[in-house]
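Residue numbers begin at 1 in each chain, while the letters A, B, ... track the order of the sequences.
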2 protein chains.
Amino acid sequence: MEDAPIRIGIIGCAMIAYKVSRAIQLALNATLGGVASRSVEKATAFAKATGCPPEAKIYGSYEALLDDPDIDAVYLPLPTGLHQKWAILTAQKKKHLLMEKPVALNVGEFDEIVKACEENGVQIMDGTMWMHHPRTQKMEEFLKDKAEFGQLKSVHSCFTFHGDENFLNSNIRVKPDLDGLGALGDAGWYGIRASLWANDYDLPKTVTAMPDAVLNEAGVILACGASLVWEDGKVATFHCSFLSNLTGPLTVIGTYGTLHLTDYVLPWHDHEASYTTTPKPVWDGRNYMPLPVDHTVTSSLPQEACMVTEFAGLVQNIKKNGARPDSKWPTISRKTQLVVDAVKLSIHKGFQPVQIVG
Amino acid sequence: MEDAPIRIGIIGCAMIAYKVSRAIQLALNATLGGVASRSVEKATAFAKATGCPPEAKIYGSYEALLDDPDIDAVYLPLPTGLHQKWAILTAQKKKHLLMEKPVALNVGEFDEIVKACEENGVQIMDGTMWMHHPRTQKMEEFLKDKAEFGQLKSVHSCFTFHGDENFLNSNIRVKPDLDGLGALGDAGWYGIRASLWANDYDLPKTVTAMPDAVLNEAGVILACGASLVWEDGKVATFHCSFLSNLTGPLTVIGTYGTLHLTDYVLPWHDHEASYTTTPKPVWDGRNYMPLPVDHTVTSSLPQEACMVTEFAGLVQNIKKNGARPDSKWPTISRKTQLVVDAVKLSIHKGFQPVQIVG
């Protein structure tokens, strides 16, 4: 007999929850158990707008969803400033936790969340969707190929999108009490994660924000970038912004090979995604002229549904087999948050280097 | 009657001169007048290896070429440390000057070169080949399109290539007395130029080297990067290295559109080159999902031959019509060198910001 699908409840009706609501419905091992908002009306409207299955319950408070024994796990897209409170409550109610990034306002808050998850034996995973696309696995294989790629030297990425006037005035991501990390937490998170990912999750030694950060009147970061330097000289740079057109290139350069893609955060298509690799060039008498090789990876599910599938699989394994929660995911989240915190500190110290202490 | 082709002599037999020798032969308005080296043997070998036309002369000294009245113009691929001496002598001999980048060890030296060119009424242009590819003109049109691209926000580029052990031990580009600017002058030059180009040649206000510079034992830069910030908040970053695989992405982000290409310094193909533009994305209920549009620009000549054609055309106009030398090219060279100097100074000041004074 097949395992019953994991019943995931959504707490909060943020825009990103529209995408993940659909992903939960696409994942074969998960089902949308219910939607909670601070009002029944809002939750009902969300359920209708996202085509929730009729059996999904509607809750007029977050607590009601957490108290429902029919819910196995919670997807938490609340503003970052509310993560600590609701993530800890979720864990205490023995519900597994899929939470949006940034995972917390700082690593100290996140450590409290992880402690609660460990004490209650629940899985925690953050919502960095691109990690779960099958393309990511294929790209990893290239980066680990010493003959084709060589040794990693540097990682360069951008993730930007253009917030309109309404966004810049009233979105939660620009409010100091809700998402004080602004573009750094929301968009820079991906560039930091990509830098760690390409470095096999080794932490950099030093993080220095670039002196080009743009803050709004309330001190929330609207655009910034940083340089990361590893003990052995590897480097990474990232740029993030709410003020520029949607753009997401990632370039990973080794001694022999290069990985390049233009859509690492949000693939252009749902069911296939591309990247290019460039082999070691050869001098032909006039030029060093290698040709890049295009690769396409197909996926029956969009990456957010791959994420839900992976999360629900871990939860099933815990529920059915008594497995321990996978510590890989909170470990990666924590390292990403550590670097986010260091960039923020560097900005506040006038772009001085900040040492990372893992 | 057609104008006679401009007779260009080459001083020095550097590797890059192989490519430009061929370009001179491909350009319809130029011809290879001769090759000078410090020995007749070396010049003869170069002429043979590059398939020089039989009428091209061989000179056993640079002075002999400069004294030949049959030579209209000089291509100068000598090490940067020798530029000032030989560029000024070239100008004094009333010969037009196409010189490799970086144009000088510092802007003071370059100002002396420009002064000599002005006093002698000769054209000067640097060897930044990609500026002359017809693709560059098409990309400029996109960047100037306020409806499609909007306002420029940031420019991000890398140019790296992997110098082997022999290169890192003995190439002129890593010798402090020959090319003291190392990777910054040789590879970073392109990223700085691209940043200025996208900014319509406005100079940045502040330049800050990233704390990831790698220097060899003699103090020559093998890898570095910098952040450039303009008065109005526009930003640029570049990374350059002799230690990583050949890689050359350029991303220019506006408020509405994005320009992206992977081979801005060296196009993958001689006769066609591509770039992508991404229009303003639209929310489709689940995603912001624009699709990038690929553009291909064909060119009957490789970009280095386009450069020679443009240079020889300016020289013909001076010779035939008594036109004044075009000041656009030395102005752009000078601005690029100013930023190169600022990055070097920032590195030497421990990665502190350096103000640019045009």
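The parts of Thr278(A) that come within reach of chain B are both its backbone and its side chain, each placing non-hydrogen atoms under 4.5 angstrom from that chain. Looking at Ser244(A), both its backbone and its side chain come within 4.5 Å of chain B, counting heavy atoms on both sides. Interface remark: Thr258(B) contributes backbone and side-chain atoms alike to the contact with chain A (heavy atom separation under 4.5 Å). Of the atoms belonging to Thr255(A), heavy atoms from both backbone and side chain fall under 4.5 Å from chain B. Neither the backbone nor the side chain of Thr50(A) comes within contact range of chain B; no heavy atom of the residue lies under 4.5 Å from a heavy atom of that chain. Residue contact with chain B, scored on non-hydrogen atoms closer than 4.5 Å, involves the side chain of Val229(A) exclusively.
Among Gly150(B), Gly257(B), Pro249(B), the residue making the largest number of heavy-atom pairs under 4.5 Å with chain A is Gly257(B). Ranked by non-hydrogen atom pairs under 4.5 Å with chain A, the options Thr251(B), Leu243(B), Thr262(B) are led by Leu243(B). Chain B forms the most heavy-atom pairs under 4.5 Å with one residue out of Thr208(A), Thr276(A), Leu152(A), and that residue is Thr208(A). Comparing Pro292(A), Gly225(A), Ala226(A) by heavy-atom pairs within less than 4.5 Å of chain B, the highest count is held by Pro292(A).
Here the side chains of His260(B) and Thr247(A) are not in contact, with every heavy-atom distance at 4.5 Å or above. Within the 4.5 Å cutoff, side-chain heavy atoms of Pro211(B) are placed close to those of Ser227(A). Residues His239(A) and His156(B) meet the side-chain proximity criterion, which asks for heavy atoms closer than 4.5 Å. Residues Ser241(A) and Lys153(B) form no side-chain contact, since every pair of their non-hydrogen atoms from C-beta on lies 4.5 Å or further apart.
The number of heavy-atom neighbours closer than 6.0 Å to CD of Glu165(B), taken from other residues, nucleotides and ligands shown, is 12 or below. Residue Glu231(B) qualifies as open at atom CD: its count of foreign heavy atoms under 6.0 Å is 12 or below.
One finds the CG atom of Asn245(A) at 10.5 Å from the OH atom of Tyr256(B) (value rounded to the nearest 0.5 Å). In this structure, the separation between CG on Leu246(A) and CD1 on Ile253(B) is 9.5 Å, given to the nearest 0.5 Å. Thr237(B) OG1 to Met210(A) CE: the interatomic distance, rounded to the nearest 0.5 Å, is 5.5 Å.
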